[in-house]
2 protein chains.
Amino acid sequence: MADDPTDRTPRTLAAPDASAAAAFLGDAIERDALATLFGRCTVEYDGRAASSLASGDRHVMLKPDGTALVHTDEGQQPVNWQSPGCAHECRVDGDDLVVESVRSSPAERLTVRFSAVAFAAAFDPTDEESLDVVGTEADLKRRILEEPGLVESGFRPLATERRTPAGAVDVYGEDDEGRTVVLELKRRRVGPDAVGQLNRYVEALERDLHAGAEIRGLLVAPSVTERARALLAEEGLEFVPLSPREES
Amino acid sequence: MADDPTDRTPRTLAAPDASAAAAFLGDAIERDALATLFGRCTVEYDGRAASSLASGDRHVMLKPDGTALVHTDEGQQPVNWQSPGCAHECRVDGDDLVVESVRSSPAERLTVRFSAVAFAAAFDPTDEESLDVVGTEADLKRRILEEPGLVESGFRPLATERRTPAGAVDVYGEDDEGRTVVLELKRRRVGPDAVGQLNRYVEALERDLHAGAEIRGLLVAPSVTERARALLAEEGLEFVPLSPREES
DNA sequence: CGCTGGATGTCGCAG
DNA sequence: CTGCGACGTCCAGCG
């Protein structure tokens with residue numbers, strides 16, 4: 001049964017010593033399983049930045065794609081981690097289990113040293129399903145292309161992702177008087193950054209098209225902060241309230 | 001032993017049916033434990049956006065601070081999640097175990113429905129150590145304040161986080177000819193966004209100080225993208241190569 | 001690979 | 001609470 005490659009029962013180990021934990025984890029890594037460890041450990045990271053975490057109880061997850069995640073009992077984000085593409089290794093050092101996830105380019109190393117492993121588990125997940133999300137910026141774009149009048153009466157979209165020297169414009173079109181219109185779309189309430197982005201596109205197009213061309217810049221989002229609204233006014237840009245989902 | 005509040009042994013359960021899993025998980029939530037589940041499940045989310053994930057094997061973590069994380073065998077990010085502050089609940093529905101994490105403001109609901117739980121575990125982590133990171137933007141600022149000549153010979157910092165109508169300037173000072181200098185610091189290679197940010201500060205100060213005041217805007221970062229370099233030149237801003245860590 | 005911009009970004013801090 | 005910007009952001013898409 002243990003040799004059956006299709007065995008999908010999780011393997012577990014309670015309170016192992018370092019060498020038992022290393023054997024278990026080495027096998028899990030070898031088998032491309034999703035491995036988890038819980039116990040008392042220190043964590044060191046060196047790479048794009050550097051960090052050090054003194055001893056405490058944490059949950060460690062090693063994924064077969066090379067991801068490593070170290071979680072405490074608080075926070076949505078891992079306290080330390082390693083990105084996909086790393087190589088996981090483990091070894092015994094004295095009474096400790098040492099788990100390392102290493103990559104080059106950029107050179108990064110995550111070292112977890114367990115003084116005690118309370119529990120270890122390994123799974124073989126099979127998951128081919130993909131996530132289907134609604135309410136994204138892509139949905140907002142779809143809404144606008146299907147019903148351009150939501151932006152303003154007479155608006156006609158001509159292109160999406162139109163290239164400018166400053167980057168790609170979300171939606172490019174004309175108003176009912178034939179003036180060029182540039183839309184910058186955001187799925188949620190926007191701050192000053194989006195105004196800067198829109199302004200860069202408008203200015204790039206003003207330079208790109210023949211001189212004197214009047215170009216309207218419209219920020220399309222559910223709402224806008226006060227600072228962003230002031231910036232819009234300063235730059236002669238406009239705001240159109242519109243949500244990616246219908247209810248708003 | 002099970003009643004000992006100082007008991008730090010993880011509690012575990014292999015291949016429970018729905019009601020056993022619900023009892024186990026309900027107890028773990030009640031006890032403010034860090035709970036993990038592995039098994040076959042569907043996931044629904046509705047809140048800021050909405051998403052749906054068909055049946056597959058995933059690892060679910062529920063933290064006592066209200067965080068929920070759903071991980072597949074790939075990727076550093078959870079495929080679905082819920083932020084700290086949620087209330088976790090679980091119940092039996094037919095043969096399924098249903099786990100929900102709910103919050104209001106914003107109204108969000110994550111629903112995980114297990115058709116089979118392969119394994120459940122609950123831990124009582126106590127983690128009082130705090131992480132200490134090196135190589136951040138704060139380190140870059142510290143370097144500059146300790147050794148202003150790194151920016152340019154004769155630079156004198158006068159204030160940090162100086163307020164402007166466009167937001168707070170990272171470092172504010174004077175050059176060796178008495179001209180006002182604004183620094184925008186970035187810990188790593190920068191793109192066009194940072195140039196827009198720096199430009200907003202410079203323009204705000206030009207309006208704020210007496211007319212005709214010449215203000216220099218310096219972007220301080222390890223390096224800069226080509227587009228950003230072009231934008232800098234356009235806006236009459238400057239680039240100073242400097243890294244938050246000494247080796248560069 | 002590097003650049004660019006989105007994200008249910010998350011997180012921390014100030015008002 | 002909102003606003004704002006940093007982040008070892010992560011991530012997909014494109015050249």
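Proteins get letters first, then strands, A, B, ... in listed order; numbering begins at 1 in each.
Of the side-chain N and O atoms in B:S51, none sit less than 4.0 angstrom from OP1 or OP2 of C:dT8. In terms of phosphate contacts, A:R187 brings no side-chain nitrogen or oxygen within less than 4.0 Å of OP1 or OP2 of C:dG5. Neither OP1 nor OP2 of C:dA7 sits under 4.0 Å from any side-chain N or O of B:Y45. One finds a side-chain N or O of B:Q76 lying less than 4.0 angstrom from the OP1 or OP2 phosphate oxygen of D:dC10. Proximity of A:W81 to the phosphate of D:dT9: no side-chain N or O atom is located under 4.0 Å from OP1 or OP2.
Across all strands, A:N80 comes closer than 4.0 Å to base atoms (heavy-atom distances). Looking at heavy-atom distances under 4.0 Å, B:T136 makes contact with sugar-phosphate atoms alone, never a base. The residue A:P84 sits close only to the backbone: its heavy atoms come under 4.0 Å of sugar-phosphate atoms, none of a base. Nucleic acid contact class of A:E74 (heavy atoms, under 4.0 Å, all strands): none. Within 4.0 Å (heavy atoms only), A:Q82 reaches at least one base atom of the nucleic acid. Within the 4.0 angstrom heavy-atom criterion, only backbone atoms of the sugar-phosphate kind lie near A:A166; the bases stay farther away. Nucleic acid contact class of B:G75 (heavy atoms, under 4.0 Å, all strands): sugar-phosphate only.
Atom NZ in A:K186 sits roughly 10 Å away from atom C1' in C:dA7 (whole-Å rounding). With rounding to whole Å, B:D170 atom CG is found 10 Å from D:dC7 atom P.
If you find the closest nucleotide of DNA chain D to B:E137 and to B:P78, the one lying nearer the 5' end belongs to B:E137. The 5' end of DNA chain D is approached more closely, in terms of each residue's nearest nucleotide, by A:V224 than by the other of A:V224 and B:Q77.
Taking both residues in full, the closest heavy atoms of A:V134 and B:A49 are given as O-CB, 3.1 Å, listed atom of the first, atom of the second, then distance. Among all heavy-atom pairs drawn from A:R103 and A:C86, the shortest one is CB-SG, 3.8 Å.
Listed by residue number, B:R188, B:Q197, B:R200 are the residues of residues 188-200 of chain B with a heavy-atom contact under 4.0 Å to DNA chain D.
Separation of the P atoms belonging to C:dT8 and C:dT4 is 23 Å when rounded to the nearest angstrom.
A salt bridge links B:D46 and A:R245; the closest N-O separation between the charged side-chain nitrogens and carboxylate oxygens is under 4.0 Å.
By the salt bridge (charged side-chain N to carboxylate O under 4.0 Å, His left out) test, B:D93 is found to be paired with B:R113, residues two or more places apart in sequence or in another chain being considered.
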Detail all sub-3.5 Å separations between protein N/O atoms and N/O atoms belonging to nucleotides 13-15 of chain D.
residue : atom : partner : partner atom : Å
D:dG15  : OP1  : A:R163  : NH2          : 3.2

Take A:V220 and A:I144, measure what side chain to side chain contact (heavy atoms under 4.5 Å, CB included) needs, and give me the verdict at the end. CA-CA 10 Å; A:V220 183; A:I144 288 171; 3.9 Å; yes

